[in-house]
Amino acid sequence: MKHQSYFDLVYYVTQQIPKGRVTNYGAIADYLSLGSARMVGWALTQSHSSSMGNIPAHRVVNRKGELSGRLHFATPTRMQELLEAEGIEVVNDKVVNFEELFWHPEELDDD
DNA sequence: TCTTTGACGTACA
DNA sequence: GTGTACGCCAAAG
């Protein structure tokens, strides 16, 4: 690891999110000490420009578990489709059992 | 350089 | 529960 922008840090953490789990912007921002959840959101807007490319941004939702960033995907329904494909229930653009599926960066529960 | 905006979150009326 | 205000900090115009 070398000097990396908060962008890369956000991308890295986002990629660590286990399949079928979700997290929110505040958790990542706090874990990386970015100081603002907006930095996470902003980084994800540029996720398509990241060197890694495949950033599972669909696993990152807001504090309410709402798919606030769905409009930034290829299609507004893309985010929900990806979540449902991982076994996550989405109703009315919100994650069902969000608290149960919530994942914290510190847990790093691989598998 | 200044102003506005933003995939957020918390506080308060 | 809803609406408004503010903090946070970076990018775009």
Side-chain angles (χ1 to χ4, degrees):
Chain A
M1 305 287 242
K2 357 176 148 178
H3 310 192
Q4 31 197 6
S5 309
Y6 67 91
F7 286 75
D8 299 310
L9 295 174
V10 172
Y11 299 151
Y12 180 77
V13 174
T14 303
Q15 291 181 318
Q16 308 315 304
I17 303 175
K19 177 183 177 183
R21 300 290 294 281
V22 293
T23 191
N24 63 20
Y25 304 93
I28 296 175
D30 182 64
Y31 175 68
L32 298 176
S33 301
L34 299 181
S36 266
R38 294 193 168 201
M39 302 298 96
V40 179
W42 184 253
L44 291 179
T45 60
Q46 300 292 314
S47 64
H48 64 87
S49 290
S50 77
S51 302
M52 309 174 203
N54 300 315
I55 308 298
H58 57 278
R59 294 178 183 154
V60 185
V61 297
N62 67 11
R63 187 183 176 289
K64 300 176 185 174
E66 299 174 333
L67 282 53
S68 49
R70 67 196 148 125
L71 298 176
H72 290 259
F73 282 76
T75 62
T77 57
R78 182 64 174 171
M79 190 171 184
Q80 179 172 337
E81 291 176 7
L82 291 169
L83 289 172
E84 293 182 330
E86 297 187 353
I88 299 175
E89 238 179 312
V90 179
V91 177
N92 192 14
D93 297 323
K94 292 191 299 187
V95 176
V96 179
N97 296 328
F98 175 62
E99 294 184 358
E100 292 183 22
L101 297 173
F102 187 84
W103 172 87
H104 193 279
E106 291 181 352
E107 294 184 18
L108 284 174
D109 182 53
D110 196 77
D111 179 280

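So that the names make sense, note that chain A is the first sequence line, chain B the second, and so on, each numbered from 1. Worth saying up front: this structure is predicted, and the values here are computed from it rather than measured.
- When all heavy atoms of A/Thr23 and A/Pro105 are compared, the closest pair comes out as OG1-CD, 4.5 Å.
- Using a 4.0 Å heavy-atom criterion, one finds that A/Ala57 contacts the bases of the nucleic acid, with or without backbone contacts as well.
- How far OG1 of A/Thr75 is from CD of A/Glu81: 5.5 Å, rounded to the nearest 0.5 Å.
- When each of B/dG6, B/dA7, B/dG9 is scored by its nearest atom to the side-chain atoms of A/Ser47, the top-ranked nucleotide is B/dA7.
- In this structure, CG of A/Asn24 is placed 19 Å from P of C/dC8, rounded to the nearest angstrom.
- Side-chain contact between A/Phe73 and A/Leu82 is present, with heavy atoms from C-beta onward closer than 4.5 Å.
- Closest of all the heavy-atom pairs between A/His58 and A/Glu86 is NE2-OE2, 3.1 Å.
- One interatomic measurement links the two molecules: CE of A/Met79 to C1' of B/dA7, which rounds to 7 Å at whole-angstrom precision.
- Considering only the side chain of A/Met39, B/dG6 comes nearest among B/dG9, B/dG6, B/dA7.
- The backbone N or O of A/Lys94 lies less than 3.5 Å from no partner atom in the side chain of A/Asn92, so there is not a single donor-acceptor pair.
- Nucleotides C/dA5 and B/dT4 place their P atoms 16 Å apart, quoted to the nearest Å.
- Per the geometry, CD belonging to A/Gln80 stands 16 Å off C1' belonging to B/dA7, to the nearest Å.
- Summarising the geometry, the separation between CG on A/Asp30 and C1' on B/dG9 is reported as 12 Å, rounded to the nearest angstrom.
- In this structure the side chain of A/Arg59 reaches within 4.5 angstrom of the side chain of A/Lys19, judged on heavy atoms.
- Of all the heavy atoms in A/Tyr6 and A/Ala43, the pair that sits closest is CE1-CB, 4.2 Å.
- Sorted by residue number, the members of residues 70-78 of chain A with any non-hydrogen atom under 4.0 Å from DNA chain B read A/His72, A/Phe73.
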Short heteroatom pairs, N/O only, protein and nucleotides 10-13 of chain B, under 3.5 Å:
| from | atom 1 | to | atom 2 | distance (Å) |
| --- | --- | --- | --- | --- |
| B/dT10 | OP2 | A/Arg63 | NE | 2.5 |

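- Taking atom CD1 of residue A/Ile28 and atom C1' of nucleotide B/dA7, one finds them 11 Å apart after rounding to whole Å.
- A/His104 NE2 to A/Asn24 CG: the interatomic distance, rounded to the nearest 0.5 Å, is 8.5 Å.
- Shortest non-hydrogen contact noted between A/Leu101 and A/Val96 is CD1-O, 3.4 Å.
- Contact annotation for A/Ser68: backbone-only contact, meaning every heavy-atom pair under 4.0 Å involves sugar-phosphate atoms and none involves a base.
- For A/Glu66 and B/dG9, the CD to P distance is 10 Å, given to the nearest whole Å.
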Using a cutoff of under 3.5 Å, can you pull out all pairs of nitrogen or oxygen atoms linking the protein to nucleotides 1-7 of chain C, with atom names and distances?
| from | atom 1 | to | atom 2 | distance (Å) |
| --- | --- | --- | --- | --- |
| C/dG7 | O6 | A/Arg38 | NH2 | 3.2 |

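- Between the A/Gln46 side chain and the A/Trp42 main chain, no donor and acceptor come within less than 3.5 Å of each other.
- Taking every heavy atom of both residues into account, A/Gly69 and A/Tyr25 meet most closely at N-OH, 4.2 Å.
- We find that NE2 of A/His48 is positioned 12 Å from P of B/dA7, with the value rounded to whole Å.
- Between the CG atom of A/Leu34 and the P atom of B/dA7 there is a distance of 17 Å, rounded to whole Å.
- Here the closest non-hydrogen pair linking A/Pro56 and A/Thr14 is CG-O, 3.4 Å.
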